[in-house]
Amino acid sequence: MSALQPVRGTHDILPDEMRRHRRVVETARDLAERYGYLEMSTPIFEFTEVFRRPLGETSDVVSKEMYSFADRGGEEITLRPEATAAVVRAFLSAGLTHDLPCKFFSHGPMFRYDRPQKGRQRQFHQINVELLGVADPLGDIEMIALGTDILAALGVLGRTQLEINTLGDLDSRHAYRDVLIAYFSDHRDKLSAESVDRLARNPLRILDSKDPGDRKVVAGAPSLSEHLNQASRDFFAAVTEGLDILGIAYRQNPRLVRGLDYYTHSIFEITTEDLGAQATVLGGGRYDGLVELLGGPPTPGVGWAAGIERLAMLMTETPPAPRPIAMVPLGAAAEGKALSIVQALRRAGLAVDLGFSGNLKKRMRRANKVGARAAIILGDDELAGNTATVRDLDSGEQELVSLDALSEHLVRFR
RNA sequence: GUGGCUGUAGCUCAGUUGGUUAGAGCACCGGUUUGUGGUACCGGGGGUCGGGGGUUCAAGUCCCCUCAGCCACCCCA
């Protein structure tokens, strides 16, 4: 049995589910292109360094969730756990640092060795947008606007909430981090074991701990907003102002901190209450230091990723499967003729389903099962007059059509 | 990685204090209609009871291990 089971945390996507995924990707691509973001894609694996450096050695992703291995040539390889670092690497590889701004849309599978749960898989899929070379808050605003537009187009925006926060620029962030470490170190004995661990790895994360004891300590902690320098405050004010102008609803959440080291200034998450513990549907932020971390020139960036599975779960409707026209030949002579007619119709742009065997009844049943809109019945009677019977499977009406006019006649069923 | 719940036909589930050949609905296949589907009626196929081990005269029912899903923690998409 185990060999017939997919690997833990991976899932096959069968046609019904695939159409939902496709709807997500196509909707996102469509809107991204309208915003000027062009589709590209990167390999699903990279040298491990591409992820290790920018995400931070102490991040959860790097410390325990990466699928890493040495390939046959001894190279340290990692299945990508996220898109941003890989896209930035591609941006640098292609030498696009003087061709700014760069606006990319991409989508594809990501891999994280997590414990699976509803809405959390080891291989999952993301849509992703990145904007490189724009230091202005307008970049953050456009990014968020694109995200909410996509959710709206998918019909799920109403069940989500946008939360934003700022980490400030690198100076502010580092200064605050030091203050936090000092504060939490003083209260170390009151922290949960997990938070003591966070103190060493990622002190900011203590701020959104759910542990009641931690919360008391956090309540007295110095706040990030007090440690922002003026430039950082102005930047964030400009972002929220832009969202206000666009009428995008958001909630400022001072305790929102994201796990990856490379974020600066705005960070945001779109969450839902309909997916259990996996509340985040879309997450991202500004990463002005990332390009440098990967060896490029100082280049600002903003981006986000959204989970395709999670968005698909929020969608209330499954896009319908395409409805073909069924070819139903009767008898050996008709079958031969049907083959060439089917091919001609397909070349003319029609979706045609050819039943492979069975009598009229069986083939009609199959036609119904595949959701055919119409059936072409081709028997000896029809062949004799160089015609075919075309039956509208929704109305039940049928008529005799000349084979010469068949393609034209069938266009109505496209 | 930690803790908890669950696992019977393709799907959703029922299976009494362990006790004869493990059931239903839906789906599937066939027939009623050998040139007509979707409705109706009749019939049929299909299950190593997730896997392995143990207790017992007897295990789908009890115990242990294991795998997977789900839930919470963690983390995020």
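This structure is a prediction, so every number in the text was calculated from the model and none was measured.
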Under 4.0 angstrom, heavy atoms only, what part of the nucleic acid is [X] near: base, sugar-phosphate, or nothing?
{"X": "A:Gly284", "result": "nothing"}
{"X": "A:Leu282", "result": "sugar-phosphate"}
{"X": "A:Ala279", "result": "base"}
{"X": "A:Glu194", "result": "sugar-phosphate"}

Without decimals, in angstroms, what is the distance between [X] [atom1] and [N] [atom2]?
{"X": "A:Asp197", "N": "B:C74", "atom1": "CG", "atom2": "P", "answer": "13 Å"}
{"X": "A:Asp114", "N": "B:C73", "atom1": "CG", "atom2": "P", "answer": "14 Å"}
{"X": "A:Leu55", "N": "B:C76", "atom1": "CG", "atom2": "C1'", "answer": "12 Å"}
{"X": "A:Lys118", "N": "B:G69", "atom1": "NZ", "atom2": "P", "answer": "13 Å"}
{"X": "A:Arg366", "N": "B:U36", "atom1": "CZ", "atom2": "C1'", "answer": "17 Å"}
{"X": "A:Asn253", "N": "B:C76", "atom1": "CG", "atom2": "P", "answer": "14 Å"}
{"X": "A:Gln123", "N": "B:A77", "atom1": "CD", "atom2": "C1'", "answer": "13 Å"}
{"X": "A:Phe51", "N": "B:A77", "atom1": "CZ", "atom2": "C1'", "answer": "15 Å"}

Between the base of [N] and the side chain of [X], is there any donor-acceptor pair under 3.5 Å?
{"X": "A:Arg365", "N": "B:U36", "result": "no"}
{"X": "A:Asn368", "N": "B:G38", "result": "no"}
{"X": "A:Arg120", "N": "B:C75", "result": "yes"}

Can you tell me, in whole Å, how much space there is between the [atom1] of [N] and that of [M]?
{"N": "B:G53", "M": "B:U61", "atom1": "P", "value": "14 Å"}
{"N": "B:U17", "M": "B:U12", "atom1": "P", "value": "26 Å"}
{"N": "B:C65", "M": "B:G31", "atom1": "C1'", "value": "50 Å"}
{"N": "B:G44", "M": "B:G23", "atom1": "P", "value": "14 Å"}
{"N": "B:C26", "M": "B:G43", "atom1": "P", "value": "14 Å"}
{"N": "B:C62", "M": "B:C49", "atom1": "P", "value": "15 Å"}
{"N": "B:G54", "M": "B:G60", "atom1": "P", "value": "15 Å"}
{"N": "B:G46", "M": "B:A9", "atom1": "P", "value": "15 Å"}

Candidate nucleotides [options], ranked by approach to the side chain of [X] - the nearest:
{"X": "A:Thr389", "options": "B:U36, B:C29, B:A77", "answer": "B:U36"}
{"X": "A:Gln5", "options": "B:U2, B:C74, B:A68", "answer": "B:A68"}
{"X": "A:Arg115", "options": "B:G69, B:G4, B:A77", "answer": "B:G4"}
{"X": "A:Lys361", "options": "B:U33, B:A68, B:C70", "answer": "B:U33"}
{"X": "A:Lys362", "options": "B:G30, B:U36, B:A77", "answer": "B:G30"}
{"X": "A:Asp381", "options": "B:C28, B:G35, B:A77", "answer": "B:G35"}
{"X": "A:Arg205", "options": "B:C74, B:C75, B:G69", "answer": "B:C75"}
{"X": "A:Arg310", "options": "B:C73, B:U33, B:C76", "answer": "B:C76"}
{"X": "A:Arg391", "options": "B:G35, B:G3, B:G37", "answer": "B:G37"}
{"X": "A:Gln126", "options": "B:A68, B:G35, B:A77", "answer": "B:A77"}

Exercise for review: Could you walk me through whether A:Thr27 and A:Asp30 pass the side chain to side chain donor-acceptor pair (under 3.5 Å) test, one step at a time?
Suggested key: CA-CA 5 Å; A:Thr27 300; A:Asp30 230 51; over 6 Å; no

- Task: For the pair A:Arg323 and A:Val370, evaluate side-chain contact (heavy atoms from CB on, under 4.5 Å) and give the outcome as yes or no after the intermediate values.
- Result: CA-CA 7 Å; A:Arg323 299 187 66 189; A:Val370 300; over 6 Å; no

Sole residue of [options] in side-chain contact (heavy atoms from CB on, under 4.5 Å) with [X]:
{"X": "A:Pro137", "options": "A:Val302, A:Leu243, A:Val239", "answer": "A:Val239"}
{"X": "A:Ile248", "options": "A:Ile164, A:Leu162, A:Asp149", "answer": "A:Leu162"}
{"X": "A:His265", "options": "A:Leu167, A:Asp288, A:Asn165", "answer": "A:Asp288"}
{"X": "A:Trp304", "options": "A:Ile127, A:Ile270, A:Thr84", "answer": "A:Ile127"}

message: Quick check on B:A72: is either OP1 or OP2 less than 4.0 Å from any side-chain nitrogen or oxygen of A:Gln117?
response: yes

| task | Considering just the side-chain nitrogens and oxygens of A:Arg198, establish if one lies under 4.0 Å of OP1 or OP2 belonging to B:C75. | result | yes

Test item: A:Lys103 side-chain N/O and A:Tyr35 main-chain N/O as donor-acceptor pair under 3.5 Å: yes

- Message: Does A:Arg122 qualify as a cation-pi partner of A:Tyr113, given the criterion of NZ or CZ under 6.0 Å from the six-membered ring centre and within 45 degrees of its axis?
- Response: yes

Decide yes or no on side chain to side chain donor-acceptor pair (under 3.5 Å) for A:Gln126 and A:His107, but give the supporting numbers first.
-> CA-CA 5 Å; A:Gln126 289 185 335; A:His107 70 95; over 6 Å; no

Can we call the ring centroids of A:Tyr263 and A:Tyr287 under 6.0 Å apart? no

Dot-bracket assigned to RNA chain B with the 3.5 Å Watson-Crick/G-U criterion, [ ] for crossing and | for other-strand pairs, is (((((((..((((.....[...)))).(((((.......))))).....(((((..]....))))))))))))....

